[in-house]
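The next block holds one structure in the form of structure tokens; read it before the comments.
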Amino acid sequence: MSITHVVALGGSLLRPEEAAARSMWMGQLRQLMVHLEGNGRRIGLVVGGGLPAREGISLVKETITDREKLDEIGIAGTRLNATVLQQLLLDIGCDVAQRIPQTVEEARLLLEQHHIVVMGGTVPGHTTDTVAVKLAATVHARHCIIATNVSHVYTNDPRHHDDAEALTEMTLEELGGIVGVGTPLEPGASTVVDPVAVEVAMGAGLDLAVLDGRDIRRLDDALEGKLFEGTIIKA
Ligand code: UTP
């Protein structure tokens, strides 16, 4: 049976400030996917909404108070970004599902037919981290990789705490303490890992890996089961 990987790709990764960095990152991601597909791997990429999700939500946040409606706008942003990456990979002839699945079960079925499936969000109430963790548990991936724009999980938010320390290994329980399991995020709000995703990983007994997805080498190392620069979070 082939190995299946699941990666949550933060929406911010698609939009580095400079266009040169953007095309380099997209080129490296393409190379990595071609390489993995060539080795017979299956990959589920779950893409975050980043800027379009936040912008869409901010347009109506003063007017719409229903959380679910704001989440639906966020989900549309994630699917836009998923479509961008899907087309980027189809363009170089990768075996990518033509459909952006709307549920984890649909993604599982598509992964039986294609090497690569790209998707965004599913339903209101969580972020794409949770979708990725659910998919990883469903397809029995070794772990769920959360590729974001910070190098590690820190003891505290490094943007506000100078003494925040980077962690290389920790437990889901410890991560839950940092992100606040039991308190779902506001639509469009963000923590290093969505607390709902941590809770789902606990229930599934699934390890997580958090790393800086701007450096494709780190993602490659984690996918290959090598020592990677980032944080491994044990179930
Ligand atoms: P993201 O997954 O993009 O959240 O979902 P994020 O933590 O901001 O990730 P980055 O910044 O892209 O890395 C954006 C918003 O879309 C809604 C939520 O409102 C979330 O905050 N959403 C997303 C859902 O309601 N359900 C989903 O399955 C996914």
Side-chain angles (χ1 to χ4, degrees), residues 6-17 22 25-26 29 44-86 100-108 117-138 144-154 157 159 175-176 178-181 183-201 208-215 218-219 230-231:
V6 177
V7 183
L9 277 180
S12 66
L13 297 175
L14 273 70
R15 287 177 184 74
E17 309 267 296
R22 194 182 311 144
W25 183 83
M26 287 182 177
L29 183 74
L45 290 178
V46 185
V47 190
L51 195 64
R54 268 198 309 280
E55 194 202 11
I57 291 169
S58 74
L59 288 177
V60 288
K61 210 166 181 177
E62 307 297 315
T63 319
I64 299 180
T65 49
D66 181 346
R67 190 206 148 118
E68 286 206 2
K69 293 192 172 68
L70 296 175
D71 280 346
E72 291 292 356
I73 295 170
I75 293 169
T78 67
R79 290 184 181 152
L80 169 65
N81 279 347
T83 306
V84 169
L85 287 192
Q86 176 209 36
I100 301 288
Q102 315 259 308
T103 66
V104 166
E105 178 56 16
E106 193 187 347
R108 184 187 71 77
V117 171
V118 190
M119 73 186 295
T122 52
V123 290
H126 52 65
T127 75
T128 43
D129 289 350
T130 304
V131 177
V133 167
K134 285 187 174 172
L135 180 60
T138 303
C144 179
I145 299 176
I146 315 258
T148 178
N149 58 6
V150 290
S151 66
H152 294 84
V153 175
Y154 284 78
D157 188 341
R159 287 170 303 182
L175 178 61
I178 290 174
V179 299
V181 160
T183 327
L185 294 170
E186 289 292 306
S190 213
T191 52
V192 63
V193 181
D194 175 0
V196 184
V198 179
E199 218 170 334
V200 175
L208 305 180
V210 170
L211 53 84
D212 190 338
R214 290 170 295 188
D215 182 352
R218 299 183 197 186
L219 179 57
T231 309

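All ligand and atom numbering here is 1-based and tracks the order in the structure. Quick note: numbers below take in every heavy atom, side chains included, and nothing from hydrogens, waters or symmetry partners.
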Under 4.0 Å from a heavy atom of [X]: give me the atoms of ligand 1 that qualify, with their elements.
X	value
Pro124	25 (O)
Gly50	3 (O), 12 (O)
Gly125	25 (O)

Where on [X] is there a heavy atom closer than 4.0 Å to ligand 1, on the side chain, on the backbone, on both, or on neither?
X	answer
His126	both
Val123	backbone
Val131	side chain

Which residue from Gly74, Ala147, Gly188 reaches closest to atom 16 (O) of ligand 1 through any of its heavy atoms?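 Selected option, by shortest heavy-atom distance: Gly74.
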Say whether [X], considering both its backbone and side-chain N or O atoms, lies within less than 3.5 Å of an N or O atom on ligand 1.
X	answer
Thr78	no
Ser190	yes
Asp129	no
Thr128	yes
Gly49	yes
Gly11	yes

With the side chain counted from C-beta on, respond yes when Pro195 and Thr183 share a heavy-atom pair under 4.5 Å apart, and no when they do not.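 The answer is no, as the side chains (C-beta and beyond) never meet within the 4.5 Å cut-off.
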Taking distance alone, no hydrogens or angles, what donor-acceptor pairs closer than 3.5 Å link side-chain atoms of residues 54-61 to residues at least two apart or in another chain?
from: Ser58; atom 1: OG; to: Arg54; atom 2: O; distance (Å): 3.4
from: Ser58; atom 1: OG; to: Glu55; atom 2: O; distance (Å): 2.9

With sequence neighbours excluded, residues passing side-chain contact (heavy atoms from CB on, under 4.5 Å) with Thr138: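 Applying side-chain contact (heavy atoms from CB on, under 4.5 Å) to Thr138 gives Val104, Arg108.
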